[in-house]
Asker: 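There's a structure below that I have some questions on.
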2 protein chains.
Amino acid sequence: MDTPWLDRRQLRAWIRLRAVLELLPGVLDAQLRRDSDITEFEYFVLAVLSEAPERTLRMTELAARTNATLPRLSHVVTRMERREMVERFPCPEDRRATNARLARAGWDTLRRAAPGHVDAVRRNVIDALTDEQVDQLADIGDALLSRLDPSGTMSAIYARHDGPDEEDA
Amino acid sequence: MDTPWLDRRQLRAWIRLRAVLELLPGVLDAQLRRDSDITEFEYFVLAVLSEAPERTLRMTELAARTNATLPRLSHVVTRMERREMVERFPCPEDRRATNARLARAGWDTLRRAAPGHVDAVRRNVIDALTDEQVDQLADIGDALLSRLDPSGTMSAIYARHDGPDEEDA
DNA sequence: AGATGAAGGTTGTCGCGACAACTGATTCTG
DNA sequence: CAGAATCAGTTGTCGCGACAACCTTCATCT
């Protein structure tokens, strides 16, 4: 708590980051709501499930990968279940656990939503940066997540394997 | 809409950024709620007001600088007014307009909250990065905001003048 | 085995932000 | 200078996420 104020360069970076934090989620969310009637978080849930073996994950694991709390995920899955985008069924190996599986309507939604969403990410993020900055951003993200998410559940996934990408489901 | 998928490097950057977007706001918000009983957004409102001439800004201008919509700001100011952190009074020059002024309790709250908040920003952001990365992040932020906030109301402020910093109020 | 504690989920309540609808003041236009 | 469009704000409704409380089921310890 005895840390000094931020200097001008640090402040400049922080103010910018703060603005991005405030603006970007809303922009991406609005696009998906408008065009596909799902939230960005729901999109991500669909995308993560679509890559999992059997398109199925336990709630806890899904929560970790989407970086949600369990209560939040539970609520979201309840809503998605009503729209038949996912199914819940008890886990055979552990009777405490619940599995979530991508259902037909969810897969269709994901496929239809993907192009527009990727396009939005491109327009608002990727295309604004040079190739060099894209790499810098990835490294900066790594550094920040080492503090925010030490276990690395969320970000590590896509870095490791050579398999399908998030948007590729 | 005919844009291609993201390649691996782009995807890596995007996944990281997305994770940061999901995690960082909650962390900072939780610290301020716990230690000072205000949200991060309220903190920012207080900080912006504290730097304005007469510690007063019109609602529209305050909304622009904090990057909130007017309805959102109006609700927030209503709550803060109840806690006597800010005051609202009609603008003499334009009878449509309302001014918001930092009140005593708001100033006290800001002063007490600042060290802990700065510390949190430091621990979770600044200290995780090299000096070089801090500058890179600022440039990346600029680039992103050129798409997200073309008018530059939010981020430009602190870049221009030599005056007091956000945290310096 | 029985108790204790931990893990995995669900549900309820509350607060905040988005969006739409509205009021009142001001500027523009013919 | 009357009417239309615009600007500045406020208010109401709704949906989502945070947090806390709770219920099972599994793991441990003795």
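Just so it is clear: chains get the letters A, B, ... in the order the sequence lines come, proteins before strands, and each one is counted from 1.
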Asker: Could you tell me the separation between the CG atom of N99(B) and the P atom of dT10(D), rounded to a whole number of Å?
Answerer: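 So the CG-P distance, N99(B) to dT10(D), works out to 11 Å.
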Asker: Just compare dG17(C), dT25(D), dG17(D) and give me whichever is closest to any side-chain atom of R95(A).
Answerer: dT25(D)
Asker: Looking for any heavy atom pair under 4.0 Å, which part of the strands does R34(B) touch: base, sugar-phosphate only, or nothing?
Answerer: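 No contact.
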Asker: Using every non-hydrogen atom in the two residues, find where A68(A) and F41(A) come nearest and quote the distance to one decimal.
Answerer: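 Shortest heavy-atom separation between A68(A) and F41(A) comes out as CB-CZ, 3.5 Å.
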Asker: What integer distance in Å separates E40(B):CD from dG17(C):P?
Answerer: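 Value for this atom pair: 11 Å.
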Asker: Testing the basics here: between L32(A) and A113(A), what is the closest heavy-atom pair and its distance to 0.1 Å?
Answerer: CD2-CB, 4.0 Å
Asker: For dG17(C), does either OP1 or OP2 sit under 4.0 Å from a side-chain N or O belonging to R79(B)?
Answerer: yes
Asker: So, for T109(B) and S36(B), which heavy atoms are closest and what is the spacing to 0.1 Å?
Answerer: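 Reported closest heavy-atom pair: CG2-O, 4.5 Å.
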Asker: Taking the minimum atom-to-atom distance to the side chain of F41(A), which one of dG17(D), dT26(C), dG8(C) wins?
Answerer: dG17(D)
Asker: Give the nucleotide from the list dT11(C), dC16(D), dA20(C) with an atom nearest to the side chain of P71(B).
Answerer: dA20(C)
Asker: Starting from P on dG15(D), measure out to CZ on R83(A) and report it in whole angstrom.
Answerer: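 The answer, rounded to whole Å, is 12 Å.
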Asker: Between I38(B) (CD1) and dG15(C) (C1'), how many Å, whole number?
Answerer: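 Rounded to whole Å, this separation is 16 Å.
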Asker: Considering only side-chain heavy atoms of S74(B), which listed nucleotide, dG9(D), dT10(D), dC16(C), is closest?
Answerer: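 Nearest listed nucleotide: dT10(D).
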Asker: Using the closest heavy atom to pick a nucleotide of DNA chain C for each, name whichever of G26(A) or E93(B) lands nearer the 5' end.
Answerer: G26(A)
Asker: Whether R88(B) contacts dT10(D) is assessed here as follows: a side-chain N or O lying under 4.0 Å from the phosphate OP1 or OP2. Is that the case?
Answerer: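 Indeed, a polar side-chain atom of R88(B) lies that close.
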Asker: Please pick, from dG17(C), dA7(C), dA18(D), the nucleotide with the shortest atom-to-atom distance to any side-chain atom of T69(A).
Answerer: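 Among the listed nucleotides, the one closest to the side chain of T69(A) is dA18(D).
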Asker: Tell me the interatomic distance from L28(B), atom CG, to dA18(D), atom P, rounded to whole angstroms.
Answerer: 14 Å
Asker: Nearest-Å distance, CG (D37(B)) to P (dG15(C))?
Answerer: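 The distance from CG of D37(B) to P of dG15(C) comes to 12 Å, rounded to the nearest Å.
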Asker: Report the nucleotide, chosen from dA18(D), dG17(C), dA8(D), that has the shortest atom-to-atom distance to any side-chain atom of R72(A).
Answerer: dA18(D)
Asker: Test side chain to side chain contact (heavy atoms under 4.5 Å, CB included) on M85(B) and E81(B) and set out the steps.
Answerer: CA-CA 6 Å; M85(B) 295 180 149; E81(B) 207 174 10; over 6 Å; no
Asker: Using side chain to side chain contact (heavy atoms under 4.5 Å, CB included), reason through T69(A) and R72(A) one step at a time and then give a plain yes or no.
Answerer: CA-CA 5 Å; T69(A) 60; R72(A) 177 184 180 189; 3.2 Å; yes
Asker: Could you check which of dG24(C), dT10(C), dG9(D) has an atom nearest any side-chain atom of M59(A)?
Answerer: dT10(C)
Asker: Rounded to whole Å, how long is the line connecting atom CG of L32(B) with atom P of dA18(D)?
Answerer: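 Distance, rounded to whole Å: 16 Å.
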Asker: Look at the side chain of L70(A) and decide which nucleotide, out of dA6(C), dA8(D), dT10(C), has an atom nearest to it.
Answerer: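 The answer is dT10(C).
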Asker: Hey, which sits more toward the 5' end of DNA chain D by its nearest nucleotide, A30(B) or R33(A)?
Answerer: R33(A)
Asker: When the distance from CG of D94(A) to P of dA7(C) is rounded to whole Å, what number comes out?
Answerer: 12 Å
Asker: Is it the case that the side chains of R88(B) and T78(B) hold a donor-acceptor pair, with the cut-off being a distance below 3.5 Å and no angle test?
Answerer: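 Yes, R88(B) and T78(B) have a side-chain donor paired with an acceptor closer than 3.5 Å.
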Asker: Both L73(A) and R96(B) contact DNA chain C. Which one's nearest nucleotide lies toward the 5' end?
Answerer: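 On the 5' side of the pair lies L73(A).
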Asker: Among the candidates dC7(D), dT11(D), dG8(C), find the nucleotide nearest to the side-chain atoms of H75(B).
Answerer: dT11(D)
Asker: Answer with base, sugar-phosphate or nothing: what part of the nucleic acid does T98(A) contact at a heavy-atom distance below 4.0 Å?
Answerer: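 Sugar-phosphate only.
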